[in-house]
Amino acid sequence: MTQIKQIQSHLTISGTLLDPYAAGKIISLCAESDDDHLSHAYKLFLQLSYRTKFIWNTMIRSFTAKNEAFKALTIYKTMLRSGYLPNNYTFSFIFKACCTDHLSLGFVFHSQAIKLGWESYDFVLNGLIHLYSMSGSMGPARTLFDSSAARDIITWTALINGYVKSGQVSAARELFDNMPEKNAVSWSAMIHGYVQVGLFKEALELFNQMQICGCRPNHGGIVGALTACAFLGALDIGRWIHAYVDRNGMELDRMMGTALIEMYAKCGCIETACSVFDKMLDRDVFAYTCLISGLANHGQGCRAIKLFGRMKNEGVAPNEVTFICVLSACSRMGLVDEGLRIFKNMREVHGIEPGVQHYGCLVDLLGRAGMLEEAKKVVRDMPMEPDSYVLGALLNACRVHGNVDLSEETVENLVERCIDHGGVHVLLSNIYASSKQWHCVVKVRKGMEEKNVRKIPGCSFIEVDGKVCEFVAGDRSHVLMEDTMLLLFGIDKHLKSTRKCMAFNH
DNA sequence: CTAGGGTTAG
């Protein structure tokens, strides 16, 4: 960079800096390096009285690459106003800029591209297919795809991503199977598609098949497969993938690190999750949040809160999800004061306005601790309508602390808002059962039958010896059921004797 | 000077 600046000084002295070709070279060199230099390039850009299209394009491209799409589009508008016509390069850059946050503007620019005759130019067309795919407009995306004379991997993958994003996995899969050629990005897109809709086994199958086809997975594919492992409890496969990452010298970047932490935490290996976290060089809010959540889920609320403090010390700002995780850590540990303090700091220190989910955590925090009146007051005074989680937390607290009256009131509230899914009624019936009001139990069950509401059975996965087993609530068909039940009773007894005073339900 | 992918929640 110092050398670039030296050259620039020479040009300034010799009066040739305003030569557009020399300036263009300088600008593109600056713009390609880091943020600071982009603002330097921009200053230089503003001084120029004559700008080539190359210079305009470079500025638009660079701001887009630095996640400043709005700035890029502003420059594009200035370009038009100054009487310059955009070319194929310009359009590929601005469609990319529109993909993040300015989809509808993209449609306006599409008509400009048509007028100027660039629509069917391959790079522009791929950009357009990507744009429509990202906005979920699969009709136009498909039409453009069909109109393409030179479909390549990019074209196919852009459309596949569109179907994935709009939840049409089978349409995505059909395209994927018909692709003339696949690479790591297309495999990764399809794996991610399965993960998004919860088809984790299919995601892992595809990951497997990818390797059989001789395609080396990239970071995206690895991240997708690890996420699938996390949800399936597929620890052995997850470990294998981790070993693959190490063996191939793949960088433990933020996303890879977070995916590994999530996998280990969800598979019960919280210590390994911590050591992955420690090995990461660059830990962002996602990595922190993921580990905080993992610790909370392992009953290590104090460590979770400590990590939250460390995050602050290292200058990583928490976001709204982080607060959900920390608050739920407090809730499970019964740390009411700590939780209330953190809730208060959310707005006052971190400038994050609590959302309905944070109120849900607050109700849960107070409710589990037996402060039902306070919890009820939060529901009454919160600035937005309570949702099923808020009322569900209150109802659960009623169950734990045996408050039948407040449960009835809460269920009525849920019914009024039409958020009374099957689980709500089952919960109420259980509450009646534990207070031995059998006639009420019958009434609730009958009401459910009449309204034809059913509770969707809960289910979970765990992998044993490399095989993924699925368990559905109420299912007693597993070969080791008797041993399992005995062990569960043992654990339950142990918990009840050691934690009698605490409400550790749910 | 050009394009496609991936992370955190109860």
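Chain A is the first sequence line, chain B the second, and so forth, proteins listed ahead of strands; every chain is numbered from 1. Just the heavy atoms: all of them, side chains too, but no hydrogens, waters or symmetry mates, feed the values below.
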May I have the distance from [X] (atom [atom1]) to [N] (atom [atom2]), rounded to whole angstrom?
X: A/F207; N: B/dG6; atom1: CZ; atom2: C1'; result: 13 Å
X: A/K53; N: B/dC1; atom1: NZ; atom2: C1'; result: 14 Å
X: A/Y359; N: B/dA9; atom1: OH; atom2: C1'; result: 18 Å
X: A/Y76; N: B/dC1; atom1: OH; atom2: P; result: 21 Å
X: A/N183; N: B/dA3; atom1: CG; atom2: P; result: 15 Å
X: A/I261; N: B/dA9; atom1: CD1; atom2: C1'; result: 15 Å
X: A/L291; N: B/dA9; atom1: CG; atom2: P; result: 12 Å
X: A/D284; N: B/dT7; atom1: CG; atom2: P; result: 13 Å

When all nucleic acid strands are considered with a 4.0 Å heavy-atom cut-off, which category describes [X]: base, sugar-phosphate, or nothing?
X: A/I153; result: base
X: A/D122; result: nothing
X: A/Y288; result: nothing
X: A/Y121; result: base
X: A/Q357; result: base
X: A/S28; result: nothing
X: A/N57; result: base

Open item on the list: Let's test your reading of the model: under 3.5 Å, does the base of B/dG5 pair with the side chain of A/N218 as donor and acceptor?
Closed with: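 Answer is yes: a donor-acceptor pair is held.
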
Centroid separation under 6.0 Å, is that true for the rings of [Y] and [X]?
X: A/Y76; Y: A/F93; result: no
X: A/F45; Y: A/W56; result: yes
X: A/F123; Y: A/Y89; result: no
X: A/Y288; Y: A/F308; result: no
X: A/F91; Y: A/H110; result: no

- [ ] Please determine if A/R332 and A/E338 form a salt bridge, counting it only when a charged side-chain N lies under 4.0 Å from a carboxylate O.
- [x]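 Looking at A/R332 and A/E338, the cut-off is not met.
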
Task: A/R310 bridged to A/E314 by N-O distance under 4.0 Å - done: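 Salt bridge: yes.
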
Nucleotide nearest [X] (side chain, heavy atoms from C-beta), chosen from [options]:
X: A/N87; options: B/dC1, B/dG10, B/dA3; value: B/dC1
X: A/V185; options: B/dC1, B/dG4, B/dA3; value: B/dG4
X: A/K96; options: B/dG6, B/dG10, B/dG4; value: B/dG4
X: A/H192; options: B/dT2, B/dT7, B/dG5; value: B/dT7
X: A/S328; options: B/dG10, B/dG6, B/dG5; value: B/dG10
X: A/F123; options: B/dG5, B/dG10, B/dA3; value: B/dA3
X: A/F286; options: B/dG4, B/dT7, B/dG10; value: B/dT7
X: A/F54; options: B/dG6, B/dG4, B/dC1; value: B/dC1
X: A/T157; options: B/dG4, B/dT7, B/dC1; value: B/dG4
X: A/D152; options: B/dG10, B/dG4, B/dA3; value: B/dA3

[X] vs [N]: side-chain N/O to OP1/OP2 distance below 4.0 Å:
X: A/K165; N: B/dG5; value: no
X: A/T322; N: B/dA9; value: no
X: A/K266; N: B/dA9; value: yes
X: A/H130; N: B/dG4; value: yes

